[in-house]
Peer 1: 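This is the structure I want to talk about, given as structure tokens.
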Amino acid sequence: MGSMIHLTLGRIQLDWGKNAGFCDHGPLFRPNDLAEIPYYYAADTDDKECQHLPLISRSSGFSYRLVTEMKEGFSAPLRVVAERLELLGYTEKYCRREFEELTSMVPSNHDFSFDELKVLLLNADFTQAALGPHLPSENLAEFLAVTALRHIPETVQRLQHESDLHDGEVRGLGAYTVIRLLADNPTARDLPVTWQFSDVLEGGWVSRDVILTPVAQGRRFLLVTEGSSDVQVIKHALHLLRPDLSDFFDFVDMHDNYPFSGTGNLYNFVRGLISIRIQNNILVLFDNDAEGVFNFERSSRLNTLPNMRIMKLPDRQNFVRFRTLGPTGEQIANINGKAAAIECYLDVSRAPVVRWTSYDQRRDCYQGHLVEKETFSKEFLSQKALVDGYDYSGLENVLDMLLRECISINEENRATALESGSF
């Protein structure tokens, strides 16, 4: 008979495989999502040892006793898995393209458009999909018709008329598209997405290392910054503010690990990465000060690779009127593009001040730095968890910018795979 492996939403089956033939869903889960989870099996209704177990009747001619065993697997709330899927490139835009491609390849078992299915999944009631023995159906199409959409009778009639509910599929809706479209459904957001892989491990079809491997390099992001302070702050910000995504990121510190000869110029590093046509997904981040903006602008003029993004720390309204000290004394000035290094994006609400240090003739402006920046940095890096009253808005701006570019890279990668037919 062989060994089965399933990806489920609660008890609803989204994808399955057998023996060595299955999709790797490992990247959907964080390393700490490994847990003991319920596996469900069917026993004969007349099995004397199973008479105490729930009797499940799917039709007049098919019943079984539901056996539940706790085994190792991955489990995470749908809202977390959906966030990771988006970082992997499964945006709504990509899901739409995939749906159109799939429905054009084989005859559809329904006449719903992508937008109609999007609305249906947003409004469907998935309350009864939770783990447990009393699920109306483990089949997505039948669950939608019989349970989740029963409050919309005209839609149920259309689905039942157009689809073979027993085959389980709503054609064009891959497992990942279902998860992405359910991300905003309040009845589904906290349901567990599980990957039940223990049976193929026990059957010897795959090694444990294959299942538990970290996110592959082709889906990770290497962040290159100007110095160690940028690395420390952004890495810590990811662990505090985006813990569900932090395992997608690696870091290069230009101060300690510069691979080329010279003074550690990030611009030259970018040129080197382009020349060797590096295969990793690369994020290059410059400071939002005079030196950083100058090198950001000339790096942006290079013929960069599709898997590379050149960025600088974002401008902020908070920086437009900032207290500064210079040759002419104390003034209120705009430090965007002149003195906004990573420490300025921390909570610097305690009377911060920037000191102008040197004149940059190339940009016709002064370069500056935040006074006591080490103090602000140490305070943030010492945090073991989110601190009430601390202003994380600057770091949120930085992380949102980084994640937008990461999503863009992987979305383009997914679109290329779709066009080549290897999705």
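We use all heavy atoms of the structure for the numbers below, so side chains are in, but hydrogens, waters and symmetry mates are not. Index from 1, following the sequence.
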Peer 1: Using only atom types and a distance under 3.5 Å, with no angle test, would you say the side chain of Ser113 pairs donor to acceptor with the backbone of Glu116?
Peer 2: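 Confirmed, Ser113 side chain pairs with Glu116 backbone.
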Peer 1: Under 4.5 Å between any side-chain heavy atoms of Phe249 and Lys235, yes or no?
Peer 2: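 Not in contact.
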Peer 1: Atom CG of Leu117 and atom OG1 of Thr177: how far apart are they, to the nearest 0.5 Å?
Peer 2: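 These two atoms lie 10.0 Å from each other.
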Peer 1: For atom CZ of Arg355, is the number of surrounding heavy atoms from other residues, nucleotides or ligands below 6.0 Å larger than 12?
Peer 2: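 No - once you tally the heavy atoms of other residues, nucleotides and ligands closer than 6.0 Å, there are 12 at most.
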Peer 1: Check for a donor-acceptor pair, side chain of Asn123 on one end and backbone N or O of Val119 on the other, with a separation under 3.5 Å.
Peer 2: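 Yes, because the side chain of Asn123 sits within donor-acceptor range (under 3.5 Å) of the backbone of Val119.
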Peer 1: Does the distance from a Lys or Arg side-chain N to an Asp or Glu carboxylate O, for Asp115 and Arg96, drop under 4.0 Å?
Peer 2: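 Result for this pair is yes, salt bridge flagged.
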Peer 1: Centroid separation under 6.0 Å, is that true for the rings of Tyr345 and Phe319?
Peer 2: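 Close enough - the centres of the two rings lie under 6.0 Å apart.
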Peer 1: For the pair Thr187 (side chain) and Ala124 (backbone), establish whether a donor and an acceptor sit closer than 3.5 Å, ignoring hydrogens and angles.
Peer 2: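 Checking the backbone N and O of Ala124 against the side chain of Thr187, a donor-acceptor pair under 3.5 Å is found.
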Peer 1: Applying salt bridge (Lys or Arg N to Asp or Glu O under 4.0 Å) to Asp190 and Arg79, what does each step give before you reach the verdict?
Peer 2: CA-CA 6 Å; Asp190 292 318; Arg79 54 183 166 76; 2.7 Å; yes
Peer 1: Set out, in order, the CA-CA distance, both residues' side-chain angles and the distance that settles side chain to side chain donor-acceptor pair (under 3.5 Å) for Thr91 and Glu411, then state yes or no.
Peer 2: CA-CA 7 Å; Thr91 62; Glu411 182 184 41; 2.5 Å; yes
Peer 1: Would you call Asp289 and Lys338 a salt bridge, using N to O less than 4.0 angstrom?
Peer 2: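 Lys338 and Asp289: not salt-bridged.
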Peer 1: Can you measure from SG (Cys344) to CZ (Phe376) and round to the nearest 0.5 angstrom?
Peer 2: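 It is 9.0 Å, given to the nearest 0.5 Å.
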Peer 1: Can you give me the closest heavy-atom contact between Val193 and Phe29, atom names plus distance?
Peer 2: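 In this case the closest contact between Val193 and Phe29 is O-CE2, 3.3 Å.
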Peer 1: Identify the heavy atoms of Ala76 and Arg30 that sit nearest to each other, and give their distance.
Peer 2: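 Looks like CB-NH2, 4.0 Å.
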Peer 1: Determine, for Lys71 against Asp199, whether the closest basic-nitrogen to carboxylate-oxygen distance falls under 4.0 angstrom.
Peer 2: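 Looking at Asp199 together with Lys71, the answer is yes, because their closest N to O distance falls below 4.0 Å.
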Peer 1: Would you please say whether a donor-acceptor pair under 3.5 Å links the side chains of Arg316 and Asn397?
Peer 2: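 Asn397 and Arg316 do have a side-chain donor-acceptor pair below 3.5 Å.
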Peer 1: Between Arg208 and Glu72, does any side-chain N to carboxylate O distance fall below 4.0 Å?
Peer 2: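 Between Glu72 and Arg208 there is a salt bridge, with a charged N closer than 4.0 Å to a carboxylate O.
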Peer 1: Could you tell me the separation between the CZ atom of Arg277 and the CD1 atom of Ile274, rounded to the nearest 0.5 Å?
Peer 2: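 Answer rounded to 0.5 Å: 9.0 Å.
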Peer 1: Just by modelled atom types, is the Phe99 backbone N or O under 3.5 Å from a matching donor or acceptor in the Thr103 side chain?
Peer 2: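 Checked: pair present.
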Peer 1: Rounded to the nearest 0.5 Å, how far does CD of Glu98 lie from CZ of Phe114?
Peer 2: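 That separation rounds to 9.5 Å.
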Peer 1: Run the side chain to side chain donor-acceptor pair (under 3.5 Å) test on Tyr90 and Arg414 for me, step by step, so that the C-alpha distance in whole Å, both residues' side-chain angles and the decisive distance to 0.1 Å come before the verdict.
Peer 2: CA-CA 8 Å; Tyr90 286 87; Arg414 294 302 316 156; 3.3 Å; yes
Peer 1: If we only count heavy atoms from C-beta on, is the Phe286 to Val293 side-chain gap below 4.5 Å?
Peer 2: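 They are not in contact (no side-chain heavy atoms under 4.5 Å apart), so the answer is no.
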Peer 1: So Val284 and Ser299, side chain to side chain contact (heavy atoms under 4.5 Å, CB included) or not? Walk me through it.
Peer 2: CA-CA 9 Å; Val284 180; Ser299 295; 5.9 Å; no
Peer 1: Any sub-3.5 Å donor-acceptor pair from Ser377's side-chain atoms to Glu374's backbone N or O?
Peer 2: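 Not confirmed, Ser377 side chain does not pair with Glu374 backbone.
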Peer 1: State plainly whether the residues Arg84 and Asp33 are in salt-bridge range, i.e. N to O under 4.0 Å.
Peer 2: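 Not counted as a salt bridge, because no side-chain N and carboxylate O are separated by less than 4.0 Å.
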Peer 1: Provide the closest heavy-atom pair for Ala415 versus Arg97 in the form atom of the first, atom of the second, distance.
Peer 2: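 Closest heavy-atom pair between Ala415 and Arg97: CB-NH1, 3.4 Å.
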Peer 1: What verdict does the side chain to side chain contact (heavy atoms under 4.5 Å, CB included) test give for Leu121 and Leu173, after you've listed the backbone C-alpha separation in whole Å, the side-chain angles of each residue and the deciding distance to 0.1 Å?
Peer 2: CA-CA 11 Å; Leu121 288 176; Leu173 284 186; 4.2 Å; yes
Peer 1: Report, as yes or no, whether the 6.0 Å neighbourhood of atom CZ on Arg271 holds more than 12 heavy atoms from other residues, nucleotides or ligands.
Peer 2: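 No, CZ of Arg271 has 12 or fewer neighbouring heavy atoms, counting only those of other groups under 6.0 Å.
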Peer 1: Do Ile12 and Phe126 come within less than 4.5 Å of each other through their side chains, counting heavy atoms only?
Peer 2: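 SC-SC contact between Ile12 and Phe126 confirmed.
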Peer 1: Taking all heavy atoms of Val354 and all of Ala339, pick out the closest pair and write down the distance.
Peer 2: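 Heavy atoms only, the tightest pair is CG1-CB, 3.6 Å.
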Peer 1: Calculate, to the nearest 0.5 Å, the distance between atoms CD1 and CG belonging to Ile179 and Leu182 respectively.
Peer 2: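 Spacing of CD1 (Ile179) from CG (Leu182) equals 8.5 Å.
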Peer 1: Taking side chain as C-beta onward, heavy atoms only, is Thr225 less than 4.5 Å from Phe251?
Peer 2: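 No. Closest side-chain heavy atoms not under 4.5 Å.
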Peer 1: Determine whether a donor-acceptor pair (N or O, by modelled atom type, separation under 3.5 Å) exists between the side chain of Glu69 and the backbone of Tyr39.
Peer 2: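 No, the answer is negative, given that no donor and acceptor are paired below the 3.5 Å cut-off.
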Peer 1: Between Glu86 and Arg180, is there a salt bridge with N-O shorter than 4.0 Å?
Peer 2: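 Yes, this pair counts.
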Peer 1: Taking Asn410 for its side chain and Gly89 for its backbone only, find out whether a donor-acceptor pair lies under 3.5 Å.
Peer 2: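 Judged by distance alone, no pair lies under 3.5 Å.
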Peer 1: Would you call Phe197 and His25 a side-chain contact if the rule is heavy atoms closer than 4.5 Å?
Peer 2: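 No, side chains not in contact.
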Peer 1: Quick check: do Leu53 and Leu66 have side-chain heavy atoms less than 4.5 Å from each other?
Peer 2: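 Leu53 does not reach Leu66 side chain to side chain.
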Peer 1: Does Asp287 come within less than 4.0 Å of Lys312, counting only side-chain N to carboxylate O?
Peer 2: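 Salt bridge absent between Asp287 and Lys312.
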Peer 1: Taking the side chain as everything from C-beta on, heavy atoms only, tell me whether Lys18 gets closer than 4.5 Å to Ile5.
Peer 2: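 Heavy-atom side-chain distance check fails, nothing below 4.5 Å.
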Peer 1: Measure across Asn336 and Asn334 and return the closest heavy-atom pair with its distance rounded to 0.1 Å.
Peer 2: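 What the structure gives for the nearest pair is N-OD1, 2.9 Å.
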Peer 1: Heavy atoms, side chains only, cut-off 4.5 Å: are Gln217 and Asp250 in contact?
Peer 2: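 Yes - at least one pair of side-chain heavy atoms lies under 4.5 Å apart.
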Peer 1: With no hydrogens and no angle check, is any side-chain donor or acceptor of Tyr64 less than 3.5 Å from a backbone partner on Thr45?
Peer 2: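 Checked: no pair found.
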Peer 1: Step by step, would you call Thr127 with Asp125 a side chain to side chain donor-acceptor pair (under 3.5 Å)?
Peer 2: CA-CA 6 Å; Thr127 306; Asp125 183 0; 2.5 Å; yes
Peer 1: How long is the span from the CG atom in Asp44 to the SG atom in Cys50, to the nearest 0.5 Å?
Peer 2: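 Answer rounded to 0.5 Å: 8.5 Å.
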Peer 1: Would you please indicate if the ring centroids of His6 and Tyr40 are separated by under 6.0 Å?
Peer 2: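 Ring-ring flag for His6/Tyr40: false, centres at least 6.0 Å apart.
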Peer 1: Tell me whether Asp244 contacts the main-chain N or O of Glu83 through its side chain, where contact means a donor paired with an acceptor under 3.5 Å.
Peer 2: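 Judged by distance alone, no pair lies under 3.5 Å.
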Peer 1: Which pair of non-hydrogen atoms, one from Asp391 and one from Ser393, has the smallest distance, and what is that distance?
Peer 2: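 Looking at all heavy atoms of both residues, the shortest contact is OD1-OG, 2.7 Å.
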Peer 1: Side chain to side chain contact (heavy atoms under 4.5 Å, CB included) between Phe380 and Tyr392: does it pass, once the steps are laid out?
Peer 2: CA-CA 10 Å; Phe380 171 68; Tyr392 295 99; 4.1 Å; yes
Peer 1: Are Asn307 and Asn280 close enough that a side-chain donor and a side-chain acceptor fall under 3.5 Å?
Peer 2: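 No.
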Peer 1: Is the centre of the Phe294 ring less than 6.0 Å from the centre of the Phe296 ring?
Peer 2: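 Ring-ring flag for Phe294/Phe296: false, centres at least 6.0 Å apart.
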Peer 1: Do any N or O atoms from the side chain of Asn185 and from the backbone of Leu181 form a donor-acceptor pair under 3.5 angstrom?
Peer 2: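 No, because the side chain of Asn185 does not come within donor-acceptor range (under 3.5 Å) of the backbone of Leu181.
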Peer 1: Verify side chain to side chain contact (heavy atoms under 4.5 Å, CB included) between Asp247 and Val215, making sure each step is shown before the conclusion.
Peer 2: CA-CA 8 Å; Asp247 58 311; Val215 177; 3.7 Å; yes
